[in-house]
Amino acid sequence: QVQLVESGGGLVQAGGSLRLSCAASGLTFSLYAMGWFRQAPGKEREFVAAISSSGGTTYYADSIKGRFTISRDNAKNTVFLQTNSLKPEDTAVYYCAARGRAGAPRSPGSYDYWGQGTQVTVSS
């Protein structure tokens with residue numbers, strides 16, 4: 001059974017930082033590309049960042065480029081999202097997802113497995 005478990009969310013002031021983690025089990029992690037998405041209340045789920053299975057290629061949404069960094073540790077079956085210079089508009093539930101097949105890294109429909117999400121709240 002595949003499980004993706006996010007952690008590291010919380011309440012932070014604008015300008016602060018959080019490091020989100022997503023621990024994967026039940027799959028051969030090194031064969032899966034990984035992505036982070038977020039969903040704010042009343043809005044659709046949106047792409048944040050993605051990383052290839054080897055970690056050699058990354059993708060970012062324009063809204064967070066230069067502030068967030070995605071990385072992975074295949075030895076620990078974990079993907080990370082370092083979030084810096086947080087803004088109130090970054091407030092959302094953040095989800096990690098795993099993609100084991102070819103597809104568009106920015107499209108939620110390309111992903112096979114999803115975590116339950118971790119709440120990030122940025123106060124002004």
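- Between Lys87 and Ile64 there is no side-chain heavy-atom pair separated by less than 4.5 Å.
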Test side-chain contact (heavy atoms from CB on, under 4.5 Å) on Trp36 and Val79 and set out the steps.
-> CA-CA 9 Å; Trp36 284 96; Val79 62; 3.9 Å; yes
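- Taking the centre and axis of the six-membered ring of Phe29, the NZ or CZ atom of Arg72 falls inside the cone set by 45° and 6.0 Å.
- Residues Leu27 and Ala98 come closest through the heavy atom pair CD1-CB, 4.1 Å.
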Can you check side-chain contact (heavy atoms from CB on, under 4.5 Å) on Arg99 and Ser52, steps first, answer last?
-> CA-CA 9 Å; Arg99 179 168 58 86; Ser52 63; over 6 Å; no
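- Using a cutoff of 4.0 Å between basic side-chain nitrogens and carboxylate oxygens, Asp62 and Lys65 are scored as salt-bridged.
- A single hydrophobic cluster is not seen to contain both Phe80 and Phe68; linkage of ILVMFWY side chains at heavy-atom distances under 4.5 Å, directly or through other members, places them apart.
- Judged by distance alone, with hydrogens and angles left aside, the side-chain atoms of Ser107 form no donor-acceptor pair with the main-chain N or O of Ala104 at under 3.5 Å.
- Nearest heavy-atom pair across Ser30 and Ser53 is O-CB, 3.3 Å.
- Considering OG1 of Thr83 and CG of Leu86, their distance stands at 4.0 Å, rounded to 0.5 Å.
- One distance of note links SG of Cys96 with CZ of Arg38; it measures 15.5 Å at 0.5 Å rounding.
- For the residue pair Ala40 and Ala92, the shortest heavy atom distance occurs at N-CB, 3.8 Å.
- Each of Trp114 and Tyr94 belongs to its own hydrophobic cluster when Ile, Leu, Val, Met, Phe, Trp and Tyr are linked at side-chain heavy-atom distances under 4.5 angstrom.
- By the ring pair (Phe, Tyr, Trp, His ring centres under 6.0 Å) test, Tyr60 is found to be paired with no residue, residues two or more places apart in sequence or in another chain being considered.
- Between Asn77 and Asn74, the shortest heavy-atom distance links the atoms OD1-O, 3.2 Å.
- Checked for salt-bridge contact, Asp112 and Arg101 meet the test: a charged N lies under 4.0 Å from a carboxylate O.
- Linking Ile, Leu, Val, Met, Phe, Trp and Tyr whenever their side-chain heavy atoms come within less than 4.5 Å leaves Val93 and Val12 in two separate clusters.
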side-chain contact (heavy atoms from CB on, under 4.5 Å) between Arg67 and Asp90, intermediate numbers included = CA-CA 11 Å; Arg67 299 188 296 123; Asp90 293 319; 2.7 Å; yes
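- A donor-acceptor distance shorter than 3.5 angstrom exists from the side chain of Thr78 to the backbone of Lys76, with no hydrogens or angles considered.
- The aromatic rings of Tyr111 and Phe37 stand perpendicular to each other, their planes meeting at an angle above 60°, with 30° marking the opposite boundary.
- What you find for Leu4 and Ala24 is that their closest heavy atoms are CD2-CB, 3.5 Å.
- Expressed to the nearest 0.5 Å, how far CD of Gln1 lies from OH of Tyr113 amounts to 10.5 Å.
- The cluster map of Ile, Leu, Val, Met, Phe, Trp and Tyr, joined by side-chain heavy atoms under 4.5 Å apart, puts Leu11 and Leu18 in different clusters.
- Contact check for Leu20 versus Val120: side-chain heavy atoms found under the 4.5 Å cut-off.
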Given side-chain contact (heavy atoms from CB on, under 4.5 Å), test Ile51 with Thr57 step by step and report yes or no.
-> CA-CA 6 Å; Ile51 189 166; Thr57 303; over 6 Å; no
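- Linking Ile, Leu, Val, Met, Phe, Trp and Tyr whenever their side-chain heavy atoms come within less than 4.5 Å leaves Leu81 and Phe47 in two separate clusters.
- Annotation: cation-pi pair Arg45/Tyr95 present, NZ/CZ under 6.0 Å from the ring centroid and within 45° of its normal.
- Applying the side chain to side chain donor-acceptor pair (under 3.5 Å) test to every pair with at least one member in residues 3-27, sequence neighbours left out, gives these pairs: Ser17-Asn84.
- Within 6.0 Å of CD on Glu46 lie more than 12 heavy atoms contributed by other residues, nucleotides or ligands.
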